[in-house]
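Shown next, in structure tokens, is the structure this report addresses.
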Number of protein chains: 2
Amino acid sequence: MPDDDRKRRILDAALELADERGLAGVTMRALAQKLGVTAMALYPHIGDKEGLFDGLVDRMLAEMLPAVPTDGTAEERLLAVGRAARELSRRHPSAYALLLARPAVTPDAVRLVDAIYGALLDLGVPDAEVPRVERLITTFALGYAASEASGRFSAGTINPRGRRAQFPADEVSAHRRLSEVLDRMPDWDAEYEADLQDLLLMVRARWS
Amino acid sequence: MPDDDRKRRILDAALELADERGLAGVTMRALAQKLGVTAMALYPHIGDKEGLFDGLVDRMLAEMLPAVPTDGTAEERLLAVGRAARELSRRHPSAYALLLARPAVTPDAVRLVDAIYGALLDLGVPDAEVPRVERLITTFALGYAASEASGRFSAGTINPRGRRAQFPADEVSAHRRLSEVLDRMPDWDAEYEADLQDLLLMVRARWS
DNA sequence: ACCTGAACACCGTTCAAGT
DNA sequence: ACCTGAACACCGTTCAAGT
């Protein structure tokens, strides 16, 4: 099918555009220009703009899939998926938000979920609980990477001391107690690894 | 300060507009019309459209804060915050996505985080780990509610059987093994409660 | 001090027309 | 079968002008 090829080239260009100029920079006109065509020529291939964004979700999941190993222990495979999710957000920080905003139904999406199901089954999670735990873990992984990419976590860089100072002494007492910790800049790589380990520990503590 | 009042009325109207017509329906012109004024009259109060969206994040967190208890056990307080996060997404499904997309630096945001810090400290989480665990839990809670609101979880309602059928017999084996479970429609309320319980178990298993 | 009208440079999308 | 040009109904935002 040659039209699938055309669609894939459009999605590649759209992802590149998102990487260069942000998601707001992905306009039909700018995308068309990048491909040397008019905006209206895109519609037969991708549908409307919602269709384009759905396509970007599929495109990103497809890019993630090769990083998912088929051998190794269940824990190693689960860690690999978690790391791949975050690495994807590093390559496509702007488009990444789409992953939390719309369902993915592509064959590659099913393969990705299947790899996680398989690892959870191997870890001893009962059949009835596997889909729930898969959603728990992927929600965390996507949410964490999206939060990093969007800047949700970096509000603290605007001077945590100043933030505490605007409160009377009897408020935000936990912030006061943690002041030394909060003045340190977190190591996000290490934090994400620790989170994945804690989630694995949760699975082990519950079912093995 | 009477200008803060004007700003709050604008944000209330913007949130209402998002609830009624989705986030894409929140245009400066539509918002102005709802307030009986021209679009240009909004700018002195809210800055540009990014400022409006930042304001919506603050507005939503402020709405959530009263649901956070100051007494009860640490576990009860943590569960209450988790439930409040999801209830907020039920009231404002469209605007909710903003919570994962931008930092919150408002006093109410700090108060909210402080309640979680306090509960985690009471649960025995060491000082150095509290901010990390807070980010882990809130990332999950916001991500879960956002996923529900956006439809990310409901791809399976489009007939899971058909989704499995498009693969050859040797692929997606975990999906095949779980076919009975996957054909059942999840109870999202129960699932979210179970997730919160598992995260609490993780904290307990690790530090008490 | 606060709001308005007109204007600018964009959007997504439609549709008839071209090849 | 695939693409284009022109057009429509919108956007966010600026800025001089009004009161």
Side-chain angles (χ1 to χ4, degrees), chain A residues 1-60 92 94-95 97-98 101-103 150-151, chain B residues 1-60 92 94-95 97-98 101-103 150-151:
Chain A
M1 238 178 191
D3 194 62
D4 271 17
D5 233 63
R6 191 96 195 83
K7 178 170 183 178
R8 229 193 36 217
R9 264 205 301 275
I10 294 174
L11 292 175
D12 287 350
L15 195 52
E16 221 178 284
L17 203 55
D19 295 342
E20 291 163 0
R21 303 192 219 165
L23 213 47
V26 182
T27 69
M28 300 301 267
R29 282 170 167 90
L31 179 54
Q33 195 188 11
K34 208 177 170 72
L35 292 158
V37 94
T38 63
M40 309 78 204
L42 303 172
Y43 283 80
H45 301 103
I46 51 133
D48 61 4
K49 202 166 185 194
E50 292 295 299
L52 176 64
F53 283 159
D54 286 337
L56 281 180
V57 168
D58 296 340
R59 180 42 252 263
M60 284 191 282
H92 310 298
S94 300
L98 295 172
R102 52 227 306 139
S150 74
Chain B
M1 238 177 190
D3 194 61
D4 269 16
D5 235 61
R6 190 97 194 81
K7 178 170 183 178
R8 229 194 37 216
R9 264 206 299 275
I10 293 174
L11 292 176
D12 286 351
L15 195 52
E16 221 176 284
L17 203 54
D19 295 342
E20 292 163 359
R21 303 192 218 165
L23 213 47
V26 182
T27 68
M28 301 300 267
R29 283 169 167 92
L31 179 54
Q33 195 189 11
K34 208 177 169 72
L35 293 158
V37 92
T38 63
M40 310 79 204
L42 303 173
Y43 283 82
H45 301 104
I46 51 134
D48 60 6
K49 203 168 183 191
E50 292 295 299
L52 175 65
F53 283 159
D54 286 337
L56 281 181
V57 169
D58 296 340
R59 178 46 250 266
M60 285 191 282
H92 310 298
S94 300
L98 296 172
R102 50 228 306 141
S150 75

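Each chain gets a letter, A, B and so on, in the order the sequences are listed, and its residues count up from 1. Hydrogens, waters and symmetry mates are skipped; everything else that's a heavy atom, side chains included, is used. Keep in mind that what you see is a predicted model, and the values were worked out from it rather than measured.
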Atom pair distance, as rounded to whole Å: [atom1] in [X] and [atom2] in [N]:
{"X": "B/Asp5", "N": "C/dC2", "atom1": "CG", "atom2": "C1'", "answer": "16 Å"}
{"X": "A/Asp48", "N": "C/dC11", "atom1": "CG", "atom2": "C1'", "answer": "14 Å"}
{"X": "A/Leu31", "N": "C/dC11", "atom1": "CG", "atom2": "P", "answer": "12 Å"}
{"X": "A/Ile10", "N": "D/dC3", "atom1": "CD1", "atom2": "P", "answer": "8 Å"}
{"X": "B/Ile46", "N": "C/dC3", "atom1": "CD1", "atom2": "C1'", "answer": "15 Å"}
{"X": "A/Lys49", "N": "C/dT14", "atom1": "NZ", "atom2": "P", "answer": "14 Å"}
{"X": "A/Leu23", "N": "C/dC11", "atom1": "CG", "atom2": "P", "answer": "14 Å"}
{"X": "B/Gln33", "N": "C/dG5", "atom1": "CD", "atom2": "P", "answer": "14 Å"}

**OP:** Look at the side chain of B/Ala41 and decide which nucleotide, out of C/dC3, D/dT13, C/dT13, has an atom nearest to it.
**Re:** C/dC3
**OP:** Look at the side chain of B/Arg6 and decide which nucleotide, out of C/dG12, C/dC3, D/dT13, has an atom nearest to it.
**Re:** C/dC3
**OP:** Between A/Val37 and B/Glu50, just flag the one whose closest nucleotide in DNA chain D comes earlier from the 5' side.
**Re:** A/Val37
**OP:** Decide, yes or no, whether a salt bridge links A/Asp4 with A/Arg8 under the criterion of side-chain N to carboxylate O below 4.0 Å.
**Re:** no
Original post:
Would one find more than 12 heavy atoms of other residues, nucleotides or ligands at under 6.0 Å from atom CD of B/Glu20?
Top reply: yes
Ignoring backbone atoms, test whether [X] places a side-chain nitrogen or oxygen under 4.0 Å from the OP1 or OP2 oxygen of [N].
{"X": "A/Arg29", "N": "C/dA9", "result": "no"}
{"X": "A/Tyr43", "N": "C/dT14", "result": "no"}
{"X": "A/His45", "N": "D/dC2", "result": "no"}
{"X": "B/Thr27", "N": "D/dC11", "result": "yes"}

Original post:
Hey, does B/Met28 reach any base, or is it just sugar-phosphate, or nothing, if we go heavy atoms under 4.0 Å?
Top reply: sugar-phosphate
Original post:
With both distances kept under 3.5 Å, what pairs with C/dC10, Watson-Crick or G-U wobble?
Top reply: none
Subject >> For D/dG5, the Watson-Crick or wobble partner whose two distances fall under 3.5 Å >> reply: C/dC15
**OP:** Check A/Asp12, A/Leu98, A/Ile10 against A/Arg59 for a side-chain contact (heavy atoms from CB on, under 4.5 Å) and give me the one that passes.
**Re:** A/Asp12
Original post:
If you take all heavy atoms of A/Ser150 and B/Arg102, which pair is closest and at what distance?
Top reply: OG-N, 4.1 Å
Original post:
At their closest point, which heavy atom of B/Leu35 faces which heavy atom of B/Arg9, and how far apart are they?
Top reply: CD2-O, 4.0 Å
Subject >> Residue whose closest nucleotide on DNA chain C lies nearer the 5' end, A/Met40 versus A/Ala30 >> reply: A/Ala30
